[in-house]
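As the structure is a computational prediction, the values presented were derived from the model and not from experiment. In what follows, every chain begins at residue 1, and chains take the letters A, B, ... in the order their sequences are listed.
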Amino acid sequence: MPELPEVETVRRGLADKLVQARIETVRVSLPKQVKRPQGDARAFSQGLCGRTIQAIDRRGKYLVFTLSGGHWLVAHLGMSGRLLVKSSQALPAAHTHIILTFDRGLALHYQDVRQFGGLALWTEDPYLQAPLAKLGPEPLSDDFTAEGLYQKSRGRKLAVKSFILDQKIIAGVGNIYADEALFRAGLRPRKAAGRLSRKDCQGLHRAICQVLEEGIAAGGSSIRDYVGADGHTGGYQLTHRVYGRKGQACLVCGRPLKSIIVGGRSSVYCPHCQSS
DNA sequence: CCTAACCCCTGCTTGC
DNA sequence: TGCAAGCAGGGGTTAG
């Protein structure tokens with residue numbers, strides 16, 4: 001499940017190969033994965049063909065391709081989306097729903113088994129409108145601060161786990177990195193956000209930055225579907241301390257890790273080490 | 001405004 | 001072995 005570190009890894013792989021590439025053809029075999037104009041494969045294709053990719057950036061879990069002529073391509077990988085750079089001759093693997101081909105003999109394949117993601121064509125600045133405009137601060141920028149986290153949490157009754165999964169609070173944290181960050185911060189997933197102290201928020205802020213930076217350094221976490229733009233898996237799953245380790249021994253205290261549902265998401269934590 | 005519930009979707013795992 | 005139910009979950013929408 002691609003979260004910020006996985007999306008950033010994909011971004012880097014795409015940028016290496018596709019900046020300055022010119023889109024020559026677009027083929028859509030599952031129109032519902034064209035999110036803008038919704039389901040309109042023809043308009044999507046016509047808007048893209050002939051344009052050059054000028055930059056590839058990331059905002060939260062979204063990828064933003066800046067194209068020539070005031071157009072943008074915005075991608076969200078959902079649960080199982082993959083963006084793979086291949087040769088323009090490469091045959092599509094199963095669940096490949098959109099293919100762009102470029103000059104220089106390259107192609108970009110969008111694969112998505114669970115079909116939760118998609119690609120969107122924008123003809124006006126996507127950063128100024130939802131969903132990008134609604135995102136909270138980028139966690140690895142100066143915009144993300146412990147004090148900001150503390151202020152936003154005031155009066156909120158929902159669980160801290162749900163709070164940090166809210167993309168309006170922080171952009172890019174998903175279930176894996178939320179569990180890992182809460183473990184590092186020593187916080188129970190169900191603790192009410194409004195009951196976090198300033199010190200809690202400082203520790204949480206630090207933990208979130210740490211796990212995201214480590215995730216990027218490892219090339220992301222490959223749990224089920226995730227691979228980078230070159231098809232390689234990431235390595236951060238080997239370093240997970242709680243996510244996916246239900247029932248196993250805590251790496252710090254040795255007691256068994258517990259799994260609970262918080263805000264509809266499975267959450268693994270150590271009842272002993274995460275006592276506040 | 002805030003929160004919870006539901007939906008989308010397929011493939012893997014679990015249970016009988 | 002076969003089949004069905006359960007589970008995974010980001011983000012959008014709807015209901016309360």
From B:dC8, C:dG11, C:dG9, nucleotide with atom closest to A:N175 side chain: C:dG9
Compute the bend angle of the helix from B:dC2-C:dG16 to B:dC16-C:dG2 from the end axes (five pairs per end), rounded to 10°. 50°
Test for a donor-acceptor pair under 3.5 Å between the base of C:dG10 and the side chain of A:R114, counting only N and O atoms. no
Mark yes or no: A:R245 above the aromatic ring of A:Y243, with NZ or CZ under 6.0 Å from the six-membered ring centre and no more than 45 degrees from the axis. no
Nearest to the side chain of A:M79, heavy atoms from C-beta on, is which of C:dG11, B:dG11, C:dG10? C:dG10
Which one, C:dG12, B:dT10, C:dG9, comes nearest to the side chain of A:S266? C:dG9
Under 4.0 Å between any heavy atoms, over every strand shown, what does A:P131 touch: base, sugar-phosphate, or nothing? Just pick one. sugar-phosphate
Among C:dG10, B:dA4, C:dA8, which is the nearest nucleotide to the side chain of A:L158? B:dA4
By the 4.0 Å heavy-atom rule, please label A:K134 as base, sugar-phosphate, or nothing. nothing
Please indicate yes or no: is the ring centre of A:F116 less than 5.5 Å from the centre of the six-membered base ring of C:dG11, with the two planes inclined by under 30 degrees? no
With distance as the sole test, does A:T123 use its side chain to make a donor-acceptor pair with the main-chain N or O of A:L121 at under 3.5 Å? no
Is any side-chain N or O of A:Q115 closer than 4.0 Å to OP1 or OP2 of B:dT10? yes
Checking B:dT10, B:dC2, B:dC9 against the side chain of A:H95 (C-beta onward), the nearest is B:dT10
Would you say A:H240 and A:S221 are linked by a side-chain donor-acceptor pair, where the criterion is simply a distance under 3.5 Å? yes
Take a 6.0 Å sphere around CZ of A:R104 and say whether it holds more than 12 heavy atoms from other residues, nucleotides or ligands. yes
When you check the phosphate oxygens OP1 and OP2 of B:dT3, does a side-chain N or O of A:K157 lie under 4.0 Å from one of them? no
I need the single residue from A:H109, A:R27, A:K32, A:Q115 that forms a side chain to side chain contact (heavy atoms under 4.5 Å, CB included) with A:H97. Which is it? A:Q115
